[in-house]
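See below for the structure under consideration.
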Amino acid sequence: MNQSNDTRLNAPPMALALDAAEHAAAHGDVPVGAVIIDRQQSAILAITGNRVEIDNDPCGHAEILALRAAAAILGTARLVNCDLYVTLEPCAMCAQAIALARIRRLYFGAYDPKGGGVEHGARIFQQATCHHRPEVYGGIKEAQAAALLKKFFASLR
């Protein structure tokens, strides 16, 4: 699942991100999904899930793939009118990419005390060297997002 065929908002973005996360898990990747919405056009630009294992790509995080897809559609690296919904607190790599893309608002589901880079760990948006800080809203559908992750990792043991 890489992009929406219907670009209008018909479902809550976090629900779409959770669906993308389930799709990623079904293909052996950590269940993280991301959606980018262009708020100026009320359009979905990207729906992606993790593809680290599928593509053998350490940068194949859902957020990175969504940023790439949205930038390609808009023809610009600056996604200033866009909001990102992701099922897990972004890691430091993804948080820096979000800042560089100038995402307007970041909404995420589950908090990630071990690998997060927004509210935990590197706290990228709080660094003096961070040139753009999106509005951040965590804990959106947190229980659902966390349950997907717990189920996935329990199945590996």
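Each residue takes its place number in the sequence, starting with 1.
Linking ILVMFWY side-chain heavy atoms closer than 4.5 Å, directly or via other members, places I103 and I64 in two distinct hydrophobic clusters. Linking ILVMFWY side-chain heavy atoms closer than 4.5 Å, directly or via other members, places I54 and L67 in two distinct hydrophobic clusters. Under a hydrophobic clustering in which Ile, Leu, Val, Met, Phe, Trp and Tyr are joined whenever their side-chain heavy atoms come within less than 4.5 Å, directly or via other members, L88 and M93 fall into different clusters. One hydrophobic cluster holds both I140 and L16 under the rule that ILVMFWY side chains link at heavy-atom gaps under 4.5 Å. No continuous path of hydrophobic side-chain contacts links I37 to V80 [ILVMFWY only; heavy atoms under 4.5 Å].
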Would you please test D57 and R51 for side chain to side chain contact (heavy atoms under 4.5 Å, CB included) and show each step? CA-CA 7 Å; D57 178 4; R51 295 188 56 89; over 6 Å; no

Could you give me the CA-CA distance, side-chain angles and deciding distance for M14 and T87, then say whether side chain to side chain contact (heavy atoms under 4.5 Å, CB included) is met? CA-CA 7 Å; M14 191 57 83; T87 58; 4.2 Å; yes

Under the criterion side chain to side chain contact (heavy atoms under 4.5 Å, CB included), I'd like the reasoning laid out for V30 against V52: C-alpha separation, chi angles, the key distance, then a yes or no. CA-CA 8 Å; V30 175; V52 172; over 6 Å; no

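In this structure, NE2 in H120 is found 14.0 Å from SG in C91, a value given to the nearest 0.5 Å. From Q96, atom CD reaches atom CD1 of I124 across 5.5 Å, with rounding to the nearest 0.5 Å. Atoms NE2 and CG, from H132 and L100 in turn, are 10.0 Å apart once rounded to the nearest 0.5 Å. Residue I44 holds its CD1 atom at 11.5 Å from CG of D38, rounded to the nearest 0.5 Å.
Residues E22 and L148 are in side-chain contact: their nearest non-hydrogen atoms beyond the backbone lie under 4.5 Å apart. Counting heavy atoms from C-beta on, the side chains of N81 and Q41 never come closer than 4.5 Å. The shortest distance between side-chain heavy atoms of F108 and V136 falls below 4.5 Å. N50 places a side-chain heavy atom less than 4.5 Å from the side chain of H61. You'll find the side chain of L45 reaches within 4.5 Å of the side chain of C82, heavy atoms only.
Smallest separation of non-hydrogen atoms from A66 and A34: CB-CB, 4.1 Å. Considering all non-hydrogen atoms of both residues, T48 and A20 come closest at O-CB, 3.3 Å.
In this structure, R133 contributes its side chain and Q127 its backbone to a donor-acceptor pair below 3.5 Å.
Using the six-membered ring where Trp is involved, Y107 and Y137 have ring planes that are parallel, under 30° apart on the 30 and 60° scheme.
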